[in-house]
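Step one of this worksheet: look at the structure below.
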Amino acid sequence: MSLRTESFLVGLIGDGITSSLTPPMHEAEADAHGVRYLYRPVDLDALNLDGASAPALLDAAALLGFNAFNITHPCKQSVMEHLHELSDAARALGAVNCVVIGEDGSFYGDNTDYSGFIAGLKRGLPQVAEDPARLEHVAQLGAGGAGSATAYALCRLGVRRLSLFERDAAKAQGLAEQLGGLFPQTRIEVLSDDEHLVEALLEAQGLVNATPVGMHVHPGMPLSESALSAGVLREGLWVADVIYLPQQTQLVRAARAAGCEVLTGGYMAVGQAVDAFRLFTGLEPNA
């Protein structure tokens, strides 16, 4: 795909992202490379739009000369049908977080969430990422766009058993079947009630929160009171949250207080930004 490289105009489409840290991260990195780079958030909530508006926004952006977009909740899956080409990872995941706009107005979708999560885990919890015993069984909350990426990443890291907890059982089942075909060595199970989640968490070595619960625009705790009272957060369990605004989510604070090893969402945020910046510009960023 032929890209415009005389300068870079980049955006972020998502819900409640006006205060996102991604724009200043990208702009600071571009400054370090001495290139002109402007990154603007397009907040659906502030514009009174919903996720279905993303395709129209991309079409308008192509006309206005944008180079690329990051895509976040709630558009990572719904925007895919509007794209002309997908990376192998995006196709396998069924979700994109990056769209590159070619000079001909074509849209190329990729996913750096999964690679960013892997890089973040290796950087923030290397003792986990390098120990197969710590990856034997992982429970994950959420099976949406971010959840697809982290589940894919966990399977690539060699997790032997992955327990997916999602209120929308059909969504989780679809992800389980999709990943099961790609990673037959991983046992993937779908959990749809708190009782089975508690059972899985008490056996698991790790917990990943891939839901939006805990974001500044969706505050709260993704685990129920019954799960917490059962003692699922405990020493020996590592906990990773994909949320980075704020980084000190209720889950992160509770997990740390319970003696868990914790990976905040900032690690994944930096990891995906590194890969996205490289994709958008062809330049090698400094993590």
Side-chain angles (χ1 to χ4, degrees), residues 1 3-31 35-87 90 93-113 116 144-146 148-149 211-212 214-218 242-246 265-266 268-281 285:
M1 176 181 285
L3 303 177
R4 306 179 183 92
T5 56
E6 70 278 5
S7 62
F8 298 93
L9 179 59
V10 178
L12 169 65
I13 296 175
D15 186 17
I17 46 82
T18 299
S19 301
S20 171
L21 301 180
T22 297
M25 276 200 295
H26 278 246
E27 290 182 345
E29 184 62 27
D31 288 345
V35 298
R36 293 185 175 184
Y37 194 106
L38 186 65
Y39 193 125
R40 284 290 178 261
V42 180
D43 193 330
L44 300 177
D45 184 57
L47 295 171
N48 292 317
L49 299 174
D50 57 23
S53 304
L57 290 171
L58 285 177
D59 286 338
L63 293 174
L64 292 171
F66 273 76
N67 295 81
F69 273 87
N70 277 126
I71 307 293
T72 190
H73 176 78
C75 307
K76 291 182 180 183
Q77 294 168 314
S78 61
V79 77
M80 289 186 65
E81 63 185 25
H82 194 63
L83 308 181
H84 301 98
E85 187 181 356
L86 295 170
S87 69
L93 286 164
V96 301
N97 76 316
C98 295
V99 174
V100 178
I101 304 174
E103 287 191 326
D104 60 355
S106 61
F107 301 130
Y108 170 77
D110 204 344
N111 193 301
T112 66
D113 279 335
S148 297
T211 77
M215 288 176 62
H216 65 298
V217 291
H218 300 288
V242 305
I243 294 168
Y244 69 90
L245 192 63
M268 180 177 174
V270 170
Q272 66 82 20
V274 163
D275 292 344
F277 186 88
R278 184 188 300 112
L279 177 68
F280 295 166
T281 65

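- Proximity of a side-chain donor or acceptor of His216 to a complementary backbone N or O of Pro246 within less than 3.5 Å is not detected.
- Contacts of Thr112 classified as side chain to side chain donor-acceptor pair (under 3.5 Å), with partners at least two apart in sequence or in another chain: Asn97.
- Distance check: Cys98 SG to Ile71 CD1 gives 8.5 Å after rounding to the nearest 0.5 Å.
- Of all heavy-atom pairs between Asp110 and Ser87, the closest is OD1-OG, 2.6 Å.
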Sequence neighbours excluded and cut-off under 3.5 Å, please list the side-chain donor-acceptor pairs for residues 50-63, or say none.
residue, atom, partner, partner atom, Å
Asp50, OD1, Ala52, N, 3.1
Ser53, OG, Asp50, O, 3.3
Asp59, OD1, His82, NE2, 2.9
Asp59, OD2, His82, NE2, 3.3

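- Not counting sequence neighbours, Ser148 has no partner by the side chain to side chain donor-acceptor pair (under 3.5 Å) test.
- In this structure, the separation between OG1 on Thr72 and CE on Met215 is 6.5 Å, given to the nearest 0.5 Å.
- The shortest non-hydrogen separation linking Met80 to Ala90 is CE-O, 3.6 Å.
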Would you give me the side-chain donor-acceptor pairs under 3.5 Å for residues 12-20, sequence neighbours excluded?
residue, atom, partner, partner atom, Å
Thr18, OG1, Asp43, OD2, 2.6
Ser20, OG, Thr22, N, 3.1
Ser20, OG, Tyr244, OH, 2.9

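- Tyr108 contributes atom OH, which lies 6.5 Å from atom CG of Leu279 (distance to the nearest 0.5 angstrom).
- Looking at Pro212 and Val217, their side chains never come closer than 4.5 Å, going by heavy atoms from C-beta outward.
- Arg278 approaches Pro285 most closely through the heavy-atom pair CB-CD, 4.0 Å.
- Every pair passing salt bridge (Lys or Arg N to Asp or Glu O under 4.0 Å) that includes a residue from residues 70-79 is listed here, sequence neighbours excluded: Lys76-Asp113.
- In terms of the ring-ring contact (aromatic ring centres under 6.0 Å, His included) criterion, residue partners of Phe277 (sequence neighbours excluded) are, by chain and number, His26, His33, Tyr37.
- Across every non-hydrogen atom of His84 and Gly105, the tightest pair is CE1-O, 4.1 Å.
- For the pair Glu27 and Leu38, the minimum side-chain heavy-atom distance is below 4.5 Å.
- When all heavy atoms are compared, the tightest approach of Leu83 to Val79 is CG-O, 3.6 Å.
- To the nearest 0.5 Å, atoms CZ (Phe69) and CG (Leu9) are separated by 7.0 Å.
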### Message
Applying side chain to side chain contact (heavy atoms under 4.5 Å, CB included) to Thr281 and Val35, what does each step give before you reach the verdict?
### Response
CA-CA 10 Å; Thr281 65; Val35 298; 5.8 Å; no
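- Rounding to the nearest 0.5 angstrom, the gap separating the CZ atom in Phe66 from the CZ atom in Phe8 is 14.5 Å.
- Taking every heavy atom of both residues into account, Ile243 and Thr211 meet most closely at CD1-O, 3.6 Å.
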